[in-house]
Amino acid sequence: MRIRNILHKGLRRFVEHDDSSGLQSAVVEKVRRMVSFLQDMEREEELRTVPSWKAHMLTGDRKGTWSLFVTKNWRMTFRIDAKEIEIIDLDYEDYH
């Protein structure tokens, strides 16, 4: 899937310029694998094929947003525009 936009500045710099200075060094390779997976996937059902990412949809006011486990506190979150087959609002956030 194409990534339409990235909210987290460090993640955007990493994806667009391979500059990891905005991310913790311990997570760079995991984030690289996740972003590559997201760009290569064709259907959102594929998200559940990697159990260690604990892919799930958020609820409440974040309904429709996917969450992937990066570290204890950090998650990669995004929504999927099924019509355009795009990932939108890709973010790297500490929401705990």
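Numbering of residues begins at 1 and proceeds along the displayed sequence. Everything quoted here is computed from the prediction, not taken from an experiment.
With values rounded to the nearest 0.5 angstrom, Leu68 atom CG is found 4.5 Å from Phe78 atom CZ. Taken to the nearest 0.5 Å, the CG atom of Asp94 stands 8.5 Å off from the CZ atom of Arg75. Remark: Ile80 CD1 to Leu38 CG distance equals 7.5 Å, nearest 0.5 Å. Taken from CH2 in Trp53 to CE in Met76, the straight-line distance is 8.5 Å, to the nearest 0.5 Å.
For CD of Glu42, the number of neighbouring non-hydrogen atoms (other residues, nucleotides, ligands) closer than 6.0 Å is 12 at most.
Both Ile3 and Val31 sit in one connected hydrophobic cluster of ILVMFWY residues. Membership requires side-chain heavy atoms under 4.5 Å apart, directly or through other members. Grouping the Ile, Leu, Val, Met, Phe, Trp and Tyr side chains by contacts below 4.5 angstrom, directly or via other members, places Leu11 with Phe37. Both Leu90 and Ile85 belong to a common hydrophobic cluster when Ile, Leu, Val, Met, Phe, Trp and Tyr are linked at side-chain heavy-atom distances under 4.5 angstrom.
In terms of modelled atom types and a separation under 3.5 Å, the side chain of Ser20 and the main chain of Leu23 share no donor-acceptor contact.
Between Leu7 and Arg12, the shortest heavy-atom contact is O-NH2, 3.3 Å. Listed here is the closest heavy atom pair of Gly22 and His8: O-CE1, 3.7 Å. When all heavy atoms of Ser52 and Phe69 are compared, the pair lying nearest together is O-CD2, 3.7 Å. Residues Arg48 and His56 approach most closely at NH1-CA, 4.3 Å, considering heavy atoms.
The shortest side-chain heavy-atom distance between Phe14 and Val28 falls under the 4.5 Å cut-off. Contact of the Val27 side chain with the Trp74 side chain is not registered, since no non-hydrogen atoms from C-beta on lie closer than 4.5 Å.
Screening residues 77-93 for side-chain hydrogen bond (donor to acceptor under 3.5 Å, both in side chains) gives Arg2-Glu86, Arg4-Asp81, Arg4-Glu86, Asn5-Asp89, Gln24-Tyr92, Arg62-Glu93, Thr77-Glu93, Arg79-Asp89 as the qualifying pairs, with residues at least two apart or on separate chains. Pairs passing the salt bridge (charged side-chain N to carboxylate O under 4.0 Å, His left out) check and including a residue from residues 52-61, sequence neighbours excluded, do not occur. Here salt bridge (charged side-chain N to carboxylate O under 4.0 Å, His left out) pairs that include residues 21-31, with residues two or more places apart or in two chains, are Glu29-Arg32.
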